[in-house]
Amino acid sequence: MSDINTSNPDRNLALELVRVTESAALACGRFMGRNEKNASDHAAVEAMRLMLNTIDMTGTVIIGEGEKDDAPMLFNGEIVGTGSLPGIDIAVDPIDGTSLLAMGRANALATVAASDSGSMFNPGPFVYMNKIAVGPDAKNSIDVEAPASDNLANVARAKGCDVNDLTVVVLDRPRHEELIADLRNTGARIRLITDGDVAGAVMTAWPGSGIDVLMGIGGTPEGVLSACALRCMGGEIQGKLWPRNDNEKSLGHKLGYDFNSVLQMEDLVSSDNCFFAATGITDGELVSGVKYFGDGARTHSLVMRSKSGTVREIISKHRSDKLMRFSQIVYDQE
């Protein structure tokens with residue numbers, strides 16, 4: 001086995017990965033509300049890839065743009081970085097909430113995560129999973145296979161509150177009609193979101209967000225990214241792969257995936273040396289969006305490492321004229 005595969009990262013890569021998410025946010029932030037999904041996504045992906053390739057690492061993209069979007073860059077299996085040690089797994093979502101950005105709505109983020117080589121769950125072609133996530137004060141109180149009422153009763157007990165004090169975030173999709181009805185019967189408050197379930201999961205562990213639980217069927221790639229963040233923050237996520245049709249079920253069985261298996265946190269990311277960075281593109285409960293002014297922009301980011309448990313907020317001011325002297329990334333879209 002090569003050194004690339006056996007060497008684990010010792011430095012705090014999150015402090016370098018935040019430059020990646022900042023670049024993606026700056027590159028796509030001016031598309032807010034312009035309903036140009038493809039253009040904004042292309043700008044974010046290109047900026048993220050260019051910056052990832054400046055980091056001293058050999059990163060294998062485990063969670064990329066490829067399976068859902070047939071992307072030519074940051075596809076699953078792509079190698080990024082300078083080619084030096086350490087060897088790591090990479091998960092990216094250049095825009096968590098492309099539709100949110102397109103419509104000028106809250107909580108669009110640029111996100112990236114990393115962990116020791118071989119430690120990230122690879123969902124292959126299966127892009128959806130049923131999941132439940134909570135913050136550290138409700139860890140070990142959830143079961144993705146249990147009824148919503150049981151989960152909320154256990155979460156409320158762990159948090160020392162009543163069920164009707166809880167707020168649950170759920171993607172607003174027809175597939176969740178039964179779940180939403182069950183949640184309403186419990187008396188809990190519900191926050192329906194149109195997109196952005198990485199932000200939704202991270203908010204369960206973010207003090208002051210007002211979100212206690214995330215439930216429902218969302219993206220498997222987003223589940224792995226969320227697992228990295230929640231591992232850093234001391235929270236918990238569980239999931240089960242959710243096949244969309246019989247063809248996916250059949251393909252999954254051929255490839256060795258078990259749709260009945262519960263994916264615990266350790267299954268989604270087995271390393272306790274993982275890193276997560278997120279930069280706001282539009283304003284939200286977690287971070288502020290990109291703010292533009294005469295000669296540059298301001299970004300607000302979260303930076304985390306599970307090994308130390310440190311969560312940082314980073315506010316950066318960027319000078320467009322200086323950046324454009326040496327950067328290939330177009331930060332000032334007209």
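Position 1 is the first residue of the sequence, and the numbers go up from there.
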So, do Leu241 and Asp258 sit near enough that their side-chain heavy atoms are less than 4.5 Å apart?
no

Do you see a donor-acceptor pair shorter than 3.5 Å between the side chains of Thr111 and Asp93?
no

Connected via hydrophobic side-chain network under 4.5 Å: Ile95 and Leu26:
no

Is atom CZ of Arg173 surrounded by more than 12 heavy atoms (other residues, nucleotides or ligands) closer than 6.0 Å?
yes

Would you say the side chain of Phe276 lies within less than 4.5 Å of the side chain of Val198, judging by non-hydrogen atoms?
yes

Any chance you could lay out the side chain to side chain contact (heavy atoms under 4.5 Å, CB included) test for Val303 and Leu15, step after step, and finish with the verdict?
CA-CA 7 Å; Val303 184; Leu15 294 172; 4.1 Å; yes

Only residue of Ile237, Val155, Val213 satisfying side chain to side chain contact (heavy atoms under 4.5 Å, CB included) with Ile142 is Val155

Would you say Thr279 and Glu22 make side-chain contact, with heavy atoms under 4.5 Å?
yes

Atom pair CE/OG1 of Met203 and Thr167 - distance to nearest 0.5 Å
10.5 Å

With a 4.5 Å limit on heavy-atom distance, are the side chains of Met32 and Ile281 in contact?
no

Given the options Asp56, Thr58, Thr54, Thr82 meets side-chain hydrogen bond (donor to acceptor under 3.5 Å, both in side chains) only with Asp56

Val134 reachable from Val163 in the ILVMFWY side-chain graph, under 4.5 Å edges
yes

Rounded distance (nearest 0.5 Å) linking atom CG of Leu192 with atom NE2 of His176:
10.0 Å

Set of side-chain contact (heavy atoms from CB on, under 4.5 Å) partners for Glu178, sequence neighbours left out:
Asp182

Assess whether a salt bridge exists between Asp295 and Lys317, defined as any Lys/Arg side-chain N lying under 4.0 Å from an Asp/Glu carboxylate O.
no

side-chain contact (heavy atoms from CB on, under 4.5 Å) partners for Asn53, two or more places apart
Arg49, Val80

Please round to the nearest 0.5 Å and tell me the distance separating atom SG of Cys274 and atom CE of Met304.
10.0 Å

Rounded to the nearest 0.5 angstrom, the CE-NZ distance for Met103 and Lys37 is 8.5 Å

Measure from NZ or CZ of Arg298 to the centre of the six-membered ring of Phe293, then state whether that distance is under 6.0 Å and the direction lies within 45° of the axis.
no

I'd like to know whether Asp283 forms a salt bridge (charged side-chain N to carboxylate O under 4.0 Å, His left out) with Lys291, so could you lay out the CA-CA distance, the side-chain angles of the two residues, the decisive distance to 0.1 Å, and finally the verdict.
CA-CA 9 Å; Asp283 286 339; Lys291 300 293 188 299; 2.6 Å; yes

Under 4.5 Å between side-chain heavy atoms, hopping through other hydrophobics if needed: is there a path connecting Ile90 to Met48?
yes

Worked check of salt bridge (charged side-chain N to carboxylate O under 4.0 Å, His left out) between Asp165 and Lys159:
CA-CA 10 Å; Asp165 294 324; Lys159 294 172 74 76; over 6 Å; no

If you define the side chain from C-beta out and look only at heavy atoms, does anything of Phe259 sit under 4.5 Å from His253?
yes

Between Val202 and Val224, is there a shared hydrophobic cluster once you connect ILVMFWY residues whose side-chain heavy atoms come closer than 4.5 Å?
no

Connected via hydrophobic side-chain network under 4.5 Å: Val127 and Val269:
no

